[in-house]
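Scroll down for the structure; my scribbles are underneath it.
Keep in mind that the numbers below use all heavy atoms, side chains included, and drop hydrogens, waters and symmetry copies. What you see is a predicted model; the values in this text were computed from it and never measured.
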Amino acid sequence: MSIDSEPGGIQSFSFESRAQRVLFGHGSLAQAAGEIERMGIGRALVLCTPPQRAQAERVADLLGARAAGIFDGAVMHVPIESARAAREAAARLGADGAVAIGGGSTIGLGKAIALESGLPILAIPTTYAGSEMTPIYGLTEGGQKRTGKDPRVLPRSVIYDPALTVGLPVGLSVVSGINAIAHAAEGLYSTDGNPVCDLMAVEGIAALGRALPGIHANPADAQARSDALYGAWLCGTVLGSVGMALHHKLCHTLGGSFNLPHAETHTIVLPHALAYNAAAAAGAMRRIAGALGADSAPRAVHELARRNGAPTALKQIGMREEDLDRACALALQNAYANPRPIEARALRELLQDAFDGAAPRA
């Protein structure tokens, strides 16, 4: 399959489906106990971040005797120390499975447990990160984030309950949604892309493109919340099915090495990464722009962020200008496959634009 294929120009491709069950709908959290039983889990450790303790307690109450306990130590970028503590808690409590309720940090922690033990995971996403649909894991150790793929870490079942996302603050909703769009956007010019994932990518981008302004206008809009979670599911499936490119390499570097917030980093970098690749992936750019009802993919994503109150500059989220050279050097190491060759000078300009909050270059 071409890295930048168009509808009607289908060539040879490969597509791998994965055994995973999805329950989607308002109120579907009520099915958690039945799903755990169906998965054959006798005692499940419930995982969360400290602020989501109340949601984890609600899940534990639903599980009743099948709840082994709660571990509320999930942390952004999954530091190896928190992964070890969670693994020890699971062993100490005799857990034979886990329920991860939250965003990418919590689901990533569940994956860290599964990577070593093979315990089955039920994921209950409360953000739009999409990690629950992928066999990709990430661990941060010594200031560097290491990512990999392993089928053991893919959650066996996923419960998507839009009602659980209503409490997600508008700002976090917007950046989490644009993080999801990044997965689909890069999937459209992936070296191992396929027409099935292309359809999911366009549909996912379109769903989020209409959902985020709706959430910004009314955080309790049930339809907008449902559309956003549906879009996140599709975009996450793309992320788990095909390889990513420059944008994800940059975000892993900035997040893991400079401890920048994950979704905000994706939101800021994406328009500039798309602009970098625009000429080399023109077909993908047309499809992204079309899904967002715009003429330019980079500008459409930048405006989606700006108009809905998201940060547009790395300096807004804690990046220091004196660290840009180091970030560029790190991003040049072990580069991901990308439509346009990775050039040091152009990459440094991209990072400067993202730092300053400039509009994406033509």
Side-chain angles (χ1 to χ4, degrees), residues 17-75 78-127 129-139 148-161 163-164 229 233 236 240:
S17 60
R18 296 186 173 91
Q20 191 177 33
R21 178 174 155 90
V22 170
L23 303 174
F24 191 105
H26 281 269
S28 56
L29 178 64
Q31 301 180 59
E35 197 62 15
I36 283 293
E37 183 177 3
R38 192 197 66 80
M39 294 169 67
I41 297 173
R43 290 175 57 80
L45 179 64
V46 183
L47 308 172
C48 65
T49 59
Q52 291 185 293
R53 175 88 191 194
Q55 285 184 320
E57 289 174 351
R58 182 180 172 192
V59 171
D61 288 344
L62 286 170
L63 299 185
R66 290 182 182 270
I70 296 173
F71 181 89
D72 63 1
V75 180
V78 195
I80 191 68
E81 296 79 9
S82 66
R84 288 171 179 155
R87 290 165 180 165
E88 290 168 2
R92 183 177 67 254
L93 295 169
D96 60 351
V99 178
I101 180 164
S105 299
T106 303
I107 293 169
L109 182 61
K111 290 179 172 184
I113 295 174
L115 181 65
E116 187 169 276
S117 65
L119 294 186
I121 306 297
L122 167 63
I124 307 175
T126 60
T127 72
S131 175
E132 65 281 352
M133 298 309 297
T134 82
I136 302 168
Y137 64 89
L139 290 166
K149 279 189 176 183
D150 193 305
R152 291 178 298 174
V153 310
L154 181 72
R156 304 279 181 86
S157 289
V158 181
I159 292 177
Y160 284 109
D161 187 341
L164 295 175
L229 204 55
W233 168 28

Step-by-step side-chain contact (heavy atoms from CB on, under 4.5 Å) determination, Leu115 to Arg152
CA-CA 6 Å; Leu115 181 65; Arg152 291 178 298 174; 3.7 Å; yes
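- Between Ala129 and Gly104, the shortest heavy-atom distance links the atoms CB-N, 4.1 Å.
- Across all their heavy atoms, Ile121 and Gly110 have their closest contact at CD1-O, 3.5 Å.
- Partners of Gln55 according to the side chain to side chain donor-acceptor pair (under 3.5 Å) rule, which considers only residues two or more places apart in sequence or in another chain, are Gln52.
- Between the side chain of Lys111 and the main chain of Gly138, no donor-acceptor pair closer than 3.5 Å is present.
- The main-chain N or O of Ile41 is found under 3.5 Å from a side-chain atom of Arg66 such that the two form a donor-acceptor pair.
- Under a 3.5 Å cut-off, the side chain of Arg87 and the backbone N or O of Ala112 do form a donor-acceptor pair.
- Applying the ring pair (Phe, Tyr, Trp, His ring centres under 6.0 Å) test to every pair with at least one member in residues 18-43, sequence neighbours left out, gives these pairs: Phe24-Tyr160.
- Shown here for Ile107 and Ser131, the closest heavy-atom pair between the two residues is CG2-OG, 3.7 Å.
- Atom CD1 of Ile36 is separated from atom CZ of Arg156 by 11.0 Å, given to the nearest 0.5 angstrom.
- For the pair Leu45 and Ala86, the tightest heavy-atom approach, listed with the atom from each and the gap, is CD2-O, 4.1 Å.
- Atom-to-atom distance recorded for Gln31:CD and Ile159:CD1 is 6.5 Å, nearest 0.5 angstrom.
- Residues Glu81 and Val75 fail the side-chain proximity criterion, which asks for heavy atoms closer than 4.5 Å.
- Of the residues Val78, Leu154, Leu109, Asp150, the one that meets the side chain to side chain contact (heavy atoms under 4.5 Å, CB included) test with Tyr137 is Asp150.
- For the atom pair CD (Glu57) and CZ (Arg53), the distance works out to 5.0 Å, reported to the nearest 0.5 Å.
- Heavy-atom minimum distance, Thr106 versus Ala74: OG1-CB, 3.6 Å.
- A 6.0 Å sphere centred on CZ of Arg58 holds no more than 12 heavy atoms belonging to other residues, nucleotides or ligands.
- Electrostatic pairing of Arg84 and Glu88 does not count as a salt bridge here, judged by no charged N lying under 4.0 Å from a carboxylate O.
- Paired with Ser28 under the rule side chain to side chain contact (heavy atoms under 4.5 Å, CB included), one option of Leu164, Asp161, Val158 passes, and it is Asp161.
- No donor-acceptor distance shorter than 3.5 angstrom exists from the side chain of Asp72 to the backbone of Cys48, with no hydrogens or angles considered.
- For the residue pair Ser157 and Arg38, the shortest heavy atom distance occurs at OG-NH2, 3.0 Å.
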